[in-house]
A.B. asks: 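Below is the structure I would like to discuss, written out as structure tokens.
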Amino acid sequence: MTKKRIISFESGRLIALLAIIALHSQVFMKSPLIFGEPVIGMILNQASRFAVPLFFIIAGYFYYPKLVKSDSKEDVFWQYTRPLLMMWLSWSIIFLLIPFNFTTLLNDGYWAERTNYWSGLLANPLNSLFEGGLVHLWYIPALICAVGIITLLHTFKVEAILLPIALILFVYGCAAGSYVPVTDMEAPIFTRNGPFFSTLLVALGYEIHRRKLTLDSKQSIILAFSGFALFLLEANYLYFFANGAFYHDFLLGTPLWAIGIFLFLQGKPDFGERLKASTISNDLLGVYLCHLLVVIYFFNIVFMLGVNPILSSLLAVPCAFFISLLVVKGLRKLPFGQLLVR
């Protein structure tokens with residue numbers, strides 16, 4: 001596989017990461033209010049849901065050439081997943097030990113603050129196993145599950161059943177996840193975790209590369225907007241007519257939305273050239289892994305200082321991103337840095 005960076009994919013990854021930080025920062029979710037609702041924040045929240053699916057598709061797209069060019073599929077799998085597992089475990093330990101709530105820490109002490117958090121994790125141990133020390137780490141086990149399934153099917157030369165299996169997992173994930181108010185189905189874990197959604201999205205990237213699928217820019221945009229429209233229709237139906245939640249990580253429209261964005265980026269290899277995303281490409285996963293702790297600390301400080309919610313929303317994303325980037329670059333200089341960043 002060529003080492004050359006594809007500018008549009010790197011730009012897409014950077015934009016997706018900023019969208020995730022905005023999502024976790026709850027940008028404009030407290031103010032301003034329109035008719036009593038944070039309409040701007042709600043729109044931004046929903047519009048950010050393309051980000052992780054896009055990460056999965058890009059991962060699958062670049063995993064394909066690694067797998068087919070090697071005689072040892074098992075070696076490819078372990079070379080790909082070993083550093084991911086190492087980072088997942090290392091960051092999990094850090095997040096289990098570092099306090100999050102400054103108020104509880106100052107009033108009740110370290111042990112009380114951590115005990116409250118550990119108790120929450122132990123209340124659902126199977127789910128916590130797929131998430132690690134902090135909720136956003138679910139991405140790594142989910143990616144490993146998807147890559148493992150793809151590697152296994154490729155090894156036994158039964159790739160023809162990859163998409164059917166992935167589709168079944170995805171539909172089950174929706175049915176036992178966001179669509180529970182309609183289906184009354186139950187899953188042993190939160191279906192965002194594990195292989196349920198990740199397998200289809202990683203497989204789509206894998207198949208796009210394998211089959212050399214393309215769309216022109218207009219078709220890609222239409223597909224992306226159609227998927228987003230379906231996603232919004234589902235979210236509104238579940239909220240207003242099925243007594244479900246308004247916010248969802250994955251719905252049936254998610255794959256169409258993410259594929260449309262991916263194919264647009266694929267067809268526009270120079271898209272986002274001015275962002276210079278390739279200069280920090282190797283840092284993006286590290287920023288993802290540490291950003292939520294930075295966001296948590298940011299809002300601890302905001303709460304203690306009584307900062308205006310609109311101002312805090314404007315500052316949250318750039319502060320979280322650049323501080324996280326500095327943390328990652330600093331970790332690279334430490335002897336144990338390879339345990340935390342690639």
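Every value quoted in this text rests on a predicted model; they were computed, and no experiment measured them. Note: hydrogens, waters and symmetry copies are ignored here, and every other heavy atom, side chains too, is used. By convention here, the first residue in the shown sequence is residue 1.
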A.B. asks: Per the side-chain contact (heavy atoms from CB on, under 4.5 Å) rule, which among L314, V317, I40 passes with V27?
C.D. replies: V317

A.B. asks: Specify the closest pair of heavy atoms between F102 and N300, including all atoms of both residues, with the distance to one decimal.
C.D. replies: N-OD1, 2.8 Å

A.B. asks: Atom CD of residue position Q338 - does it have more than 12 heavy atoms of other residues, nucleotides or ligands inside 6.0 Å?
C.D. replies: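 Check passes, neighbour count above 12.
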
A.B. asks: Can we call the ring centroids of H291 and Y288 under 6.0 Å apart?
C.D. replies: yes

A.B. asks: Check whether any side-chain heavy atom of W78 lies under 4.5 Å from a side-chain heavy atom of L85, and answer yes or no.
C.D. replies: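 Yes, side chains in contact.
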
A.B. asks: How about CG on D270, more than 12 heavy atoms from neighbouring residues, nucleotides or ligands closer than 6.0 Å, or not?
C.D. replies: yes

A.B. asks: Look at the side chain of S8 and the backbone N and O of F271, then say whether any donor-acceptor pair between them is shorter than 3.5 Å.
C.D. replies: no

A.B. asks: Determine, step by step, whether F170 and T199 satisfy the side-chain contact (heavy atoms from CB on, under 4.5 Å) criterion, reporting the C-alpha distance in whole Å, the side-chain angles of both residues, the deciding distance to 0.1 Å, and the verdict.
C.D. replies: CA-CA 8 Å; F170 190 91; T199 303; over 6 Å; no

A.B. asks: Do S198 and Y139 have side-chain atoms, one donor and one acceptor, less than 3.5 Å apart?
C.D. replies: no

A.B. asks: Is there a path of hydrophobic side-chain contacts, each under 4.5 Å between heavy atoms of I, L, V, M, F, W or Y residues, that connects F190 with W88?
C.D. replies: no

A.B. asks: Are more than 12 heavy atoms, taken from residues, nucleotides or ligands other than F225, located less than 6.0 Å from that residue's CZ atom?
C.D. replies: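 For F225, atom CZ is not crowded (no more than 12 foreign heavy atoms under 6.0 Å).
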
A.B. asks: Distance-only, no hydrogens or angles: does the S324 side chain make a donor-acceptor pair with backbone N or O of A320 under 3.5 Å?
C.D. replies: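 It does hold such a pair.
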
A.B. asks: Taking atom OH as the centre, does Y179 end up with more than 12 heavy-atom neighbours from other residues, nucleotides or ligands that are less than 6.0 angstrom away?
C.D. replies: yes

A.B. asks: Hey, does I7 have a side-chain heavy atom less than 4.5 Å from the side chain of S11?
C.D. replies: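 Of all side-chain heavy-atom pairs linking I7 with S11, at least one is under 4.5 Å.
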
A.B. asks: If I take atom SG from residue C290 and atom CG from residue L331, how far apart are they, to the nearest 0.5 angstrom?
C.D. replies: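 C290 atom SG to L331 atom CG measures 7.0 Å (nearest 0.5 Å).
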
A.B. asks: Under 6.0 Å between ring centres, would you say that holds for W118 and W111?
C.D. replies: yes

A.B. asks: Would you compute the distance between atom CG of D75 and atom CZ of R82 and round it to the nearest 0.5 angstrom?
C.D. replies: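 If we round to the nearest 0.5 Å, D75:CG and R82:CZ are 8.5 Å apart.
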
A.B. asks: State, to 0.1 Å, how close L204 and P255 come at their nearest heavy-atom pair, and which atoms those are.
C.D. replies: CD1-CB, 4.1 Å

A.B. asks: Between Y117 and F95, does the ring-ring contact (aromatic ring centres under 6.0 Å, His included) criterion hold? Intermediate values first, please.
C.D. replies: CA-CA 10 Å; Y117 185 68; F95 294 141; 9.0 Å; no

A.B. asks: Please confirm whether F228 and F50 have ring centers closer than 6.0 angstrom.
C.D. replies: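 F228 vs F50: aromatic centres not under 6.0 Å.
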
A.B. asks: Answer whether the closest heavy-atom distance between the side chains of V295 and Q26 falls below 4.5 Å.
C.D. replies: no

A.B. asks: Do D283 and R332 sit within salt-bridge range, that is, some charged N less than 4.0 Å from a carboxylate O?
C.D. replies: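 Yes, this pair counts.
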
A.B. asks: What do the steps show when you test W91 against L134 for side-chain contact (heavy atoms from CB on, under 4.5 Å), and what is the final call?
C.D. replies: CA-CA 8 Å; W91 281 107; L134 194 56; over 6 Å; no

A.B. asks: Hey, are the side chains of F298 and V307 touching, using non-hydrogen atoms and a 4.5 Å cut-off?
C.D. replies: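 Counting from C-beta outward, F298 and V307 never come under 4.5 Å.
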
A.B. asks: Would you compute the distance between atom CD1 of I301 and atom CG of L315 and round it to the nearest 0.5 angstrom?
C.D. replies: 12.0 Å

A.B. asks: Pair Y239, Y247 - check side-chain contact (heavy atoms from CB on, under 4.5 Å), show working.
C.D. replies: CA-CA 9 Å; Y239 182 67; Y247 302 108; over 6 Å; no

A.B. asks: Please check if the side chain of S90 supplies one atom and the backbone of L339 the other of a donor-acceptor pair under 3.5 Å.
C.D. replies: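 Yes, the answer is positive, given that a donor and an acceptor are paired below the 3.5 Å cut-off.
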
A.B. asks: Measure the OH-CG distance between Y63 and L67 for me, rounded to the nearest 0.5 Å.
C.D. replies: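 So the gap between those two atoms works out to 5.0 Å.
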
A.B. asks: If you draw the axis of the six-membered ring of F100, does the NZ or CZ of R114 fall within 45° of it and under 6.0 Å from the ring centre?
C.D. replies: yes

A.B. asks: One thing to verify: whether K212 and E207 come together as a salt bridge, which I'm taking to mean a side-chain N less than 4.0 angstrom from a carboxylate O.
C.D. replies: no

A.B. asks: Would you mind telling me which of T155, V202, I165 makes a side-chain contact (heavy atoms from CB on, under 4.5 Å) with I150?
C.D. replies: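 The side-chain contact (heavy atoms from CB on, under 4.5 Å) with I150 is passed solely by V202 among T155, V202, I165.
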
A.B. asks: Which residues pass the side chain to side chain contact (heavy atoms under 4.5 Å, CB included) test with I43, not counting sequence neighbours?
C.D. replies: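 Applying side chain to side chain contact (heavy atoms under 4.5 Å, CB included) to I43 gives V39.
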
A.B. asks: Can you get from V341 to L284 by hopping between Ile, Leu, Val, Met, Phe, Trp and Tyr side chains that sit under 4.5 Å apart?
C.D. replies: yes

A.B. asks: Keeping E234 on the side-chain end and G253 on the backbone end, is there a donor-acceptor pair under 3.5 Å?
C.D. replies: yes

A.B. asks: Got a sec: does the CE of M304 have more than 12 other heavy atoms crowding it under 6.0 Å?
C.D. replies: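 Result for CE/M304: open.
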
A.B. asks: Assert yes or no for the condition that the ring centre distance of F231 to W257 is strictly below 6.0 Å.
C.D. replies: yes

A.B. asks: Would you say the side chain of W138 lies within less than 4.5 Å of the side chain of F130, judging by non-hydrogen atoms?
C.D. replies: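 The answer is no, as the side chains (C-beta and beyond) never meet within the 4.5 Å cut-off.
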
A.B. asks: Could you tell me how the ring of Y61 sits relative to the ring of F9: parallel (under 30°), tilted (30 to 60°) or perpendicular (over 60°)?
C.D. replies: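 Because their plane-to-plane angle is over 60°, the rings of Y61 and F9 count as perpendicular.
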
A.B. asks: Does any non-hydrogen side-chain atom of V76 lie less than 4.5 Å from one of S72?
C.D. replies: no

A.B. asks: So, do F156 and I161 sit near enough that their side-chain heavy atoms are less than 4.5 Å apart?
C.D. replies: no

A.B. asks: Without hydrogens or angle criteria, can the side chains of E10 and S281 be said to hold a donor-acceptor pair below 3.5 Å?
C.D. replies: yes

A.B. asks: Do H136 and H24 meet the criterion of a side-chain donor-acceptor pair at a distance under 3.5 Å?
C.D. replies: no

A.B. asks: Kindly indicate, with the supporting measurements, whether the criterion side-chain contact (heavy atoms from CB on, under 4.5 Å) is fulfilled by S217 and K268.
C.D. replies: CA-CA 8 Å; S217 298; K268 295 280 189 181; 3.0 Å; yes

A.B. asks: Looking only at heavy atoms, what is the nearest atom pair of P195 and L169, with distance?
C.D. replies: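 That closest heavy-atom pairing would be O-CD1, 3.9 Å.
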
A.B. asks: Do side-chain atoms of T104 reach the backbone of N101 as a donor and acceptor pair under 3.5 angstrom?
C.D. replies: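 Side chain of T104 to backbone of N101, a donor-acceptor pair under 3.5 Å: no, none is there.
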
A.B. asks: Got more than 12 heavy atoms from elsewhere within 6.0 Å of CZ, F303?
C.D. replies: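 Incorrect, the count does not exceed 12.
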
A.B. asks: Mind checking whether L232 and Y237 have side chains closer than 4.5 Å, heavy atoms only?
C.D. replies: no

A.B. asks: Which atom pair, heavy atoms only, marks the closest approach of F28 to S313?
C.D. replies: N-OG, 2.9 Å

A.B. asks: If the test is side-chain contact (heavy atoms from CB on, under 4.5 Å), which one of L137, N127, L129 qualifies with N193?
C.D. replies: N127

A.B. asks: Hey, could you give me the CG/CG distance between L153 and L163, rounded to the nearest 0.5 Å?
C.D. replies: 10.0 Å

A.B. asks: Measure the CG-CD1 distance between L84 and I140 for me, rounded to the nearest 0.5 Å.
C.D. replies: 5.5 Å

